[in-house]
Number of protein chains: 2
Amino acid sequence: MDVNGTTWVVLGLLALRPMSGYEMKQVVDRSTRFFWAASYGQLYPELGRLESLGLVAGESAPTGARPRRVFTLTEKGRDSLHGWLRASGTRMETRDESLLRLFFADALPHDEAVQLLRARADHHRASLMQLETTAAAAEGDPPFVSLTLRYGLDYCRWEIEWCEAQERRLREGT
Amino acid sequence: MDVNGTTWVVLGLLALRPMSGYEMKQVVDRSTRFFWAASYGQLYPELGRLESLGLVAGESAPTGARPRRVFTLTEKGRDSLHGWLRASGTRMETRDESLLRLFFADALPHDEAVQLLRARADHHRASLMQLETTAAAAEGDPPFVSLTLRYGLDYCRWEIEWCEAQERRLREGT
DNA sequence: GACGGCATGTAAGTCGTTACATGATTTG
DNA sequence: CAAATCATGTAACGACTTACATGCCGTC
């Protein structure tokens, strides 16, 4: 059937409620973006593909004269989604420039190297604030949607504490 | 000067010691891979490019009749590396299929959804064991190299605890 | 002498982002 | 009426992986 990551984003979002491609992008940017991003260049072609496979059904729902297509999950689409949710593949990839810097930080004078921990903590402090704003407007989310939001909050807090603890350790340890 | 992520991997590794492209791949696969992977298809072309820019210098160092090139960091290369280490860009991207599943888990019966937390914990338990093996053979690493290893260990432990705690919470909360 | 590891390199293909083109609608 | 937002779509580019091609070396 030929799937990719975007497939599951599309099917998963439509399991929550019918929506347009434009709306999907907005939802992704406020939620899964932190662990799974998606762009228009992926979303729109994938919607067309999944429609031709019969996993989603598109219906015209214009706003006045402005064209607009709203998609629904078909039974077949729901089956695929459930199949993936029950599957066990656990692909996990990260590109973390700040950790890469830390890894090579021995090339820097010790003081400057330790500073990198502070920069990393700051970055996660900013993410935390952003997530807290999101959380404030997230009443009534389904339980597992709010569980991943909680994950984001807990993870940021852990990162901040870890960086602070290591900074202390390195300053004392000298 | 036109840089990419592989640029910093190459320069950073050569700051540790001179090595060949083949060796770089091995080192990456045992260390930065978890937060910054690199393949031959990136490493070899990048080494050629950086050599022509004068940031690294290649020297022939065959093993018998088997050709082999060992690269060294030039002064210019060291300057570039320091520039990047002091820069503040903090690009951070993640593709975490297991979190994506969790986000969409409301489409599943509650029991099965909770199971996803166990699968995620198991995955991190496996990573932890792998890192512990790495750690056992990591005496004498430079301080910030072992700091990132410690990060991996601490992060895995935190993930496992988080999943277990949430699983308990969801089972009790019903 | 077969197999696994050393060693370099590239071609093909996938994945993903960015930026643009187009045009309707709402809001200040 | 200008600017922001709604809405769809694609083209070009860059990042990355996989698999292959090639051949030497050590060891069982």
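Reckoned from all heavy atoms, side chains included, excluding hydrogens, waters and symmetry mates. In the text below, chain A, chain B and the rest are named by the order of the sequence lines, each starting its count at 1.
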Between [options], which nucleotide has the shortest distance from any of its atoms to the side chain of [X]?
X	options	value
A:Gln42	D:dT18, C:dT17, C:dT8	C:dT17
A:Ser20	C:dC15, D:dT8, D:dT10	D:dT8
B:Tyr22	D:dT8, D:dC16, C:dT8	C:dT8
B:Tyr44	D:dG9, C:dT10, C:dC6	C:dT10

Between B:Trp162 and A:Tyr151, is the ring centre distance below 6.0 Å? yes

For the pair made of [atom1] in [X] and [atom2] in [N], what is the distance, rounded to whole Å?
X	N	atom1	atom2	value
A:Leu43	D:dT10	CG	C1'	14 Å
A:Arg69	D:dC6	CZ	C1'	17 Å
A:Arg68	D:dC6	CZ	C1'	9 Å
A:Met19	D:dC6	CE	C1'	16 Å
B:Gln26	C:dG5	CD	P	11 Å
B:Asp29	C:dC6	CG	P	12 Å
A:Lys25	D:dC6	NZ	P	13 Å
A:Trp8	C:dC15	CH2	C1'	17 Å

When you measure from the side-chain N and O atoms of A:Arg95 to the phosphate of D:dC16, is any distance below 4.0 Å, counting only OP1 and OP2? yes

OP1 or OP2 of C:dG9 sitting under 4.0 Å from any side-chain N/O of B:Tyr40? no

How would you label the contact of B:Arg49 with the nucleic acid (heavy atoms, under 4.0 Å): base, sugar-phosphate, or nothing? nothing

Report which part of the nucleic acid B:Arg91 touches: base, sugar-phosphate, or nothing (heavy-atom distance under 4.0 Å, all strands). sugar-phosphate

Donor-acceptor contact below 3.5 Å, side chain [X] vs main chain [Y]:
X	Y	result
B:Ser39	B:Ala37	no
B:Glu97	A:Arg91	yes
A:Lys76	A:Leu53	yes
A:Thr74	A:Gly54	yes

Can you list, by residue number, the residues of residues 52-66 of chain A that have a non-hydrogen atom closer than 4.0 angstrom to DNA chain D? A:Thr63, A:Arg66

Fit a plane to each ring of B:Trp84 and B:Trp8, take the angle between them on a 0 to 90° scale, and name the class: parallel (under 30°), tilted (30 to 60°) or perpendicular (over 60°). parallel

Is there a path of hydrophobic side-chain contacts, each under 4.5 Å between heavy atoms of I, L, V, M, F, W or Y residues, that connects B:Met92 with A:Phe103? yes

Starting from the 5' end of DNA chain C, give me the residue, A:Gly41 or B:Phe71, whose nearest nucleotide shows up first. B:Phe71

Residue pair B:Glu23/A:Ala37 against DNA chain C: nearer the 5' end by closest nucleotide is B:Glu23

Will you find, in the side chains of A:Glu46 and A:Thr7, an N or O donor that is under 3.5 Å from an N or O acceptor? yes

